[in-house]
Structures are given as structure tokens and as C-alpha cells.
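Side chains included, hydrogens not; waters and symmetry mates left out as well; all remaining heavy atoms used. Remember, it's a predicted structure, so these values are computed and weren't measured experimentally.
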Amino acid sequence: MSTAQDSPPDSPQRRSLSAALARLTQRLPVTWRRVLLMAWDSFAWVLALMVFLAVRYDLSLSGSQWTWALLYTLLAVLLQIVLGLLTQVYLGRSRIGSFSEATWMGSVVALIGFPLGMIMTILSPDFPRGVGLMLPPMALTFMAAARWFFRAAMSAAQRNGGTDGVPVIVYGAGEAGHQVANLVDKAVEPPYRIVGFVDDDVHKRFLRVRRYRVYGTGDDLIEVARARGAEMVILAISAASAELLKEVEERTRRHGLKLVVVPPVSEMIGGRISLTSLREFNVADLLGRRPIRTDLSAISEYVNGKVVLVTGAGGSIGAELAKQVYQLGPSKLVLLDRDESVLHGVQLELYGNGLLDSDDIVLCDIRDHEALCKVFEHHRPQVVFHAAALKHLPMLERFPDEGWKTNVLGSLNVLRCAHRVGVTQYVNISTDKAADATSVLGQTKRLAERLTAWYAETYNLPYLSVRFGNVLGSRGSVLHSFRAQIERGGPITVTHPDVTRYFMTIPEACELVLQAGAIGIPGDVLVLDMGQPVKIVDVAKRLIAESGKDIDIRFTGLRQGEKLHEVLFSDLEARTPSVHPLISQVSVPALNPADLSDAEVSSPSL
């Protein structure tokens with residue numbers, strides 16, 4: 001492997017000269033630059049003539065031959081200028097030295113040189129036929145050489161301007177790596193200065209990405225970074241697995257290197273990377289980069305032009321659902337919550353005002369059946385997303401009756417009101433804790449799933465539930481708790497060193513909820529693919545690293561009703577695939593509302 005003694009391919013003096021030339025060229029008015037380009041292309045024909053005649057004829061031509069050769073060159077120059085202006089080659093049609101300009105220049109030269117040579121050959125036997133055959137490609141070569149020199153000078157000037165950036169090693173010499181190198185080279189004041197590449201493909205051992213060499217594989221990352229004086233690593237793999245992300249993050253953190261990642265493809269515009277889109281590794285990256293492809297046509301079909309009601313619209317999930325539904329063009333979007341403050345926030349985000357005076361912002365508690373039905377009767381929704389719930393496991397273990405009133409009776413109220421006004425599409429937001437439920441939260445949400453299934457089966461309605469795990473960044477999630485503890489100076493409290501949970505980002509979860517509503521079988525529970533479970537202690541360590549503080553982690557032990565590892569399916573549930581690769585479905589036994597009793601909340605068999 002090469003060491004820090006490897007020198008860059010171009011010297012500082014050469015870069016400075018190129019930079020000065022590039023700056024001089026850029027200061028010229030556009031008209032003068034175009035005149036210079038036409039002058040050089042004209043001279044290229046003359047230069048080609050002199051070189052060819054010197055090599056082929058040793059400049060020993062008769063007077064008549066000189067006359068015809070010079071006449072050919074003069075006509076070629078005139079036609080070059082005229083045709084170049086007509087085709088707008090000299091008027092800025094393409095970037096100088098680009099593939100497009102090279103194509104146009106080649107076409108113009110061929111269209112002039114060869115037909116003109118044939119005409120001259122026919123008109124006079126004294127015309128040197130080699131001139132008509134060899135001058136066009138030779139002239140084109142000289143034209144291209146000038147453009148190559150110009151582009152090289154511009155590139156050198158751009159690279160020369162980036163010497164103050166943070167020295168970085170780029171991990172990944174594929175398409176994303178090429179884009180990063182291109183952006184760094186072309187930026188006026190790039191934040192990074194690339195000192196080398198590494199790539200796991202051993203066949204790229206001596207590859208150069210633009211002018212930057214690949215010095216080794218991913219296993220050599222730290223050694224290469226030290227040898228090249230790097231302070232940061234850019235992970236230029238847009239589809240990096242969660243395992244690779246964790247491994248690289250741990251190695252760079254241990255050796256004092258910052259890690260910057262390119263965004264997932266779904267976050268890019270047109271699949272293109274920008275320097276502003278590069279960001280430091282964060283907690284969301286621990287989840288991996290599973291690509292989500294949503295069938296927007298199927299979603300918009302059951303939402304567009306419909307009256308849509310979202311319960312719990314002020315919560316993290318409800319607010320994001322409202323945002324995504326709003327973009328699909330419902331005829332009316334009714335936002336319902338029992339907390340006026342969160343309704344104010346979601347209205348402000350969606351509509352840019354927080355007046356709380358519009359008809360579609362509704363303050364109502366789903367526990368109040370009579371008030372809820374009045375809301376449904378007034379708005380007559382056609383689609384309902386039921387996101388209202390109590391979700392904090394320890395609190396519900398202490399106050400199970402509250403969980404019963406909201407998660408079970410409240411959900412039943414929403415189902416009854418929805419059925420009464422003829423809601424055609426109903427999606428109940430559930431949780432992975434409903435599978436093999438051991439907590440009050442899991443049991444109450446399981447009952448809500450079964451009640452939803454009963455309405456679907458009894459009335460043959462497309463009512464269904466969607467089950468997923470923890471939502472990263474939602475209000476009350478571990479992110480908020482950990483960050484609050486870090487702000488206080490620690491310690492961060494984690495229940496167990498081996499405890500794992502499934503996580504999704506809020507937009508990802510809501511996007512798949514909308515998709516599930518379009519493809520689900522009535523009465524079923526759709527389970528979203530959560531990827532690999534994440535260790536909670538890894539999330540804590542990542543947040544501590546981001547804070548730059550020295551924070552301790554304290555393990556407190558599992559709480560009542562809490563599992564070490566969550567599951568998405570119980571042993572009694574038969575998992576079947578759906579038409580979406582990231583969504584599976586299971587059947588749950590329907591529960592007649594008439595069979596509900598308070599005693600069922602504490603039964604572990606539910």
C-alpha cells in the first residue's frame with residue numbers, strides 16, 4: 001500500500017500557472033472568448049496544412065499545388081466559421097470541451113473537409129489529394145488539443161482553490177464516489193480536500209477517480225487515513241447496509257475521525273449528490289438504507305379527492321400522516337386531537353397559520369363517543385387513519401385502566417362512528433408489542449386490532465391494522481429521553497446492555513402505512529418490515545458521540561411487561577407476503593365488541 005510520500009500528479013507550480021491562465025480566460029468578455037475560439041480553430045487548419053506538407057512533401061510543392069492547397073485551407077477556414085455560427089457551436093451551444101461540443105465540432109469539420117477535398121480533386125489535378133484526406137482529422141486534433149488544455153487548466157484552478165478544505169478519505173470508488181470527487185473539484189470553496197480513496201473491490205487497487213488514487217480496501221481505511229493525514233471519512237455508498245455503516249462508524253469514532261455519509265437515493269434529487277446533502281453520520285443511519293418504493297398511484301386513488309380524517313393528528317405519527325395525506329390532494333383533511341397545543345403546531349406546519357379557527361381542526365377526545373360521532377356526522381369522512389393512542393409502556397403498566405379507555409374503548413368508538421357514517425377505508429395504527437403481548441400496551445393494541453378485524457369481517461369493509469415498531473424521533477421516544485439526559489450531563493439510562501428494538505423513521509413509517517391502506521386485505525394486520533433490530537445501547541453511544549460530551553451509561557434493568565427483544569409476529573400467527581416487498585400480513589381473530597370486558601386487559605393470553 002502506498003504511503004504519505006506519494007506525491008500528487010501535478011506540482012504546485014503547474015497548478016498555479018493553470019489557475020492563473022484559467023482566471024485570465026474567465027475575466028475575458030464572452031465575445032472575446034468566442035473570437036479567440038474561432039481564431040484558434042482557423043489557425044488549426046493552417047497548422048494542420050503546414051505539418052502535413054512538411055511531413056508528406058517536405059514543403060516541396062509546385063506553385064500550382066501550393067495555390068490549390070492554400071485555397072482549400074482558406075475555404076475550409078471560412079466555411080468553419082460560417083457553419084460554426086449557423087450551428088451555434090461558437091455561440092455557446094455546448095460547454096467548451098464537453099462531449100456534446102466535440103460531437104458538433106467533429107460533424108462540422110467532416111462536413112467541410114471531405115466534400116471540399118473531393119470538389120478540389122475534381123476541379124484540378126494539381127490539388128494534392130492527401131490534403132483533402134488528412135487535413136480534416138489533423139485540424140480536428142489540434143482543435144481538440146486546445147480544448148483539452150483549457151479544460152485541464154480550469155480543473156487545475158478548481159482543485160487549487162480547495163487546498164483549505166478538511167482532508168478526507170472517500171470510502172467507495174463507485175458512482176457515488178465519482179460524484180463526490182467531481183463536486184469537490186468543481187466547488188469554488190469546497191469544504192473537503194480529498195487525499196485518497198478506499199474501496200472494497202480489490203480490482204480497483206490502482207484506479208484513479210479523477211486524479212485521486214485508490215490506496216486500498218475498506219480494511220485499510222484507518223491506515224490509509226493516518227498515512228494521508230485525513231481528518232474525516234466520506235462514506236460514498238448510497239445503499240450501504242446497516243452492518244457496514246455501524247462498522248465504519250465504530251472504527252472512525254475509535255480513531256478520532258469524523259464520518260460523513262452520502263444520503264440514501266430516496267433523499268437525492270434525480271439520484272444526484274450535492275455537497276450540501278452530505279451529512280455527518282447520525283442515529284437514523286443505524287437503521288440501514290432499505291429502499292422504499294411506494295406506489296403513489298394506488299395511494300392517491302383512495303385518498304385523492306376524498307374526505308380524510310386523522311385521529312391523534314397532533315402526535316408524531318399523526319402529524320406526519322397528515323402531512324403526507326395533504327400532499328396527495330384530499331378534498332378535505334380533518335385533523336382530530338384532544339390536545340389543542342399540538343393541533344396548533346400541525347396546522348402551522350401544514351397551512352402556515354395557527355389560528356385554529358377552521359372547520360377541519362377538531363378538538364375532541366376519542367373516549368367521548370357522543371362528541372366523536374357528532375364530528376363524524378358533520379364531516380362525513382370517507383377515509384380514516386386512527387393514530388390516537390396512549391403508548392408509554394411503564395405508565396400504562398401503572399394505570400392500565402387509562403390504556404383500556406383510550407386504546408380499546410376509544411378505538412371502538414372510532415370504529416362505531418366510522419361505520420355509522422359509511423367510512424370506506426379505515427387504517428388502525430398498531431404496534432409490534434401487540435404480537436405475543438406481555439404488557440398492557442401490547443394487550444390493548446391487540447384488542448384494537450381484533451375489533452378492527454370484527455368490523456371488517458362482519459360488514460365486509462376494507463378496515464385493517466398496520467403494525468410497526470418504535471419510531472425514531474417520535475415524541476417520547478428514546479431519542480428525546482437520551483438527548484434530555486445528555487443535556488443534563490448524564491447519565492443515560494438503558495434498561496439492559498443487550499436490549500434491542502425495531503426502529504423506523506417517522507416519514508418511512510407513515511409512507512408504508514399509506515401504502516398498506518391501499519393493498520391490505522380487510523381484517524388483516526399488515527406488518528411493516530423493520531429491517532434488523534438495533535441495540536438501544538448503540539443508539540445511546542451514537543448520541544453521546546454526537547454531543548462530544550463524556551457521558552456515562554447506566555443500566556437499570558427491564559421494566560414490568562418489557563421484553564428483551566421485540567417480535568413482529570407471534571408464534572401463533574401465520575405470516576404471508578403481500579404485493580409489497582416490505583409488507584407482510586397476518587390474520588387476527590375477530591372480537592365482537594359485545595364480548596369485551598375489563599378483565600381482558602390483564603389476561604396474558606390475548
Item to check | With sequence neighbours excluded, residues passing salt bridge (Lys or Arg N to Asp or Glu O under 4.0 Å) with Glu247 | outcome: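 Arg251.
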Do [X] and [Y] come close enough that some side-chain heavy atom pair is under 4.5 Å?
X: Arg56; Y: Met134; value: no
X: Lys323; Y: Val346; value: no
X: Gln324; Y: Pro507; value: yes
X: Ile317; Y: Cys510; value: yes
X: Gln80; Y: Met105; value: yes
X: Tyr212; Y: Val170; value: no
X: Val180; Y: Tyr192; value: no
X: Leu333; Y: Val308; value: yes

Item to check | Identified side-chain contact (heavy atoms from CB on, under 4.5 Å) partner of Trp68 from the options Pro125, Ser124, Ser62 | outcome: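 Only match with Trp68 under side-chain contact (heavy atoms from CB on, under 4.5 Å): Ser124.
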Checklist entry - Can you tell me how far the CG atom of Leu75 sits from the CG atom of Leu116, to the nearest 0.5 Å? => result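 Going from CG on Leu75 over to CG on Leu116, the span is 5.5 Å.
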Item to check | is_close_aromatic(Phe142, Phe43), centroid dist under 6.0 Å | outcome: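 Here the rings of Phe43 and Phe142 have centres that are no less than 6.0 Å from each other.
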Next on the checklist: Can you classify the ring geometry of Tyr72 versus Trp45 as parallel (below 30°), tilted (30 to 60°) or perpendicular (above 60°)?
Outcome noted: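 Tyr72 vs Trp45 ring planes: perpendicular.
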